[in-house]
Amino acid sequence: TDASCRGAALYAGSQLNDAKKGEGFFSLFRRAACPEDTFHLKLRGIDPDATYVVEEFEGATTEMKGSDFARQTLTFPKPRTYKVVFYKKK
């Protein structure tokens, strides 16, 4: 993932992708000092033409086209919030 705030300490995130299985997850945390409430996600290893089953930790499960899933804008309404999202190629 690429940070969209003005410093590396403002958002913290990582992605683990198993290319052979076509699945993985990412986590992203908005730190207390981050003034930006949106993050422009850029996932790696996602097939833009495939469909993915996307499950938010303690949230909804949806299906998304790879091109939309890999490049989306996430909103964090307040500092010190996080998202953990699991995905699997359908």
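Just so you know, these numbers come straight off a predicted model, no measurement behind them.
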Minimum side-chain heavy-atom gap [X]-[Y] below 4.5 Å:
X: Leu41; Y: Phe26; value: yes
X: Leu43; Y: Arg71; value: no
X: Ile46; Y: Arg44; value: no
X: Pro35; Y: Leu10; value: yes

Which side-chain N or O atoms in residues 76-90 pair as donor and acceptor under 3.5 Å with protein atoms at least two apart or in another chain?
residue, atom, partner, partner atom, Å
Thr81, OG1, Lys78, O, 2.7
Tyr87, OH, Gln15, NE2, 2.9
Tyr87, OH, Asn17, OD1, 2.9
Lys90, NZ, Glu63, OE1, 3.2
Lys90, NZ, Glu63, OE2, 2.8

Val53: hydrophobic cluster co-members (side-chain, 4.5 Å)
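None, because no other hydrophobic side chain comes under 4.5 Å of this residue.
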
Is it the case that one hydrophobic cluster holds both [X] and [Y], taking links as side-chain heavy atoms less than 4.5 Å apart, direct or via other members?
X: Phe29; Y: Leu74; answer: no
X: Phe57; Y: Leu16; answer: yes
X: Phe39; Y: Phe25; answer: no

With sequence neighbours left out, write down each residue that passes side-chain hydrogen bond (donor to acceptor under 3.5 Å, both in side chains) with Thr73, or none if nothing qualifies.
His40

Enter the distance from Thr62:OG1 to Phe69:CZ here, rounded to the nearest 0.5 Å.
8.5 Å

Between Tyr11 and Asp37, which heavy-atom pair has the shortest distance, and what is it?
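That would be OH-C, 3.7 Å.
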
Which atom names give the shortest non-hydrogen contact between Gly22 and Tyr52, and what distance separates them?
O-CE2, 4.1 Å

Arg30 and Glu36: CA distance, side-chain angles, deciding distance, side chain to side chain contact (heavy atoms under 4.5 Å, CB included) verdict
CA-CA 9 Å; Arg30 179 180 172 190; Glu36 304 289 332; over 6 Å; no

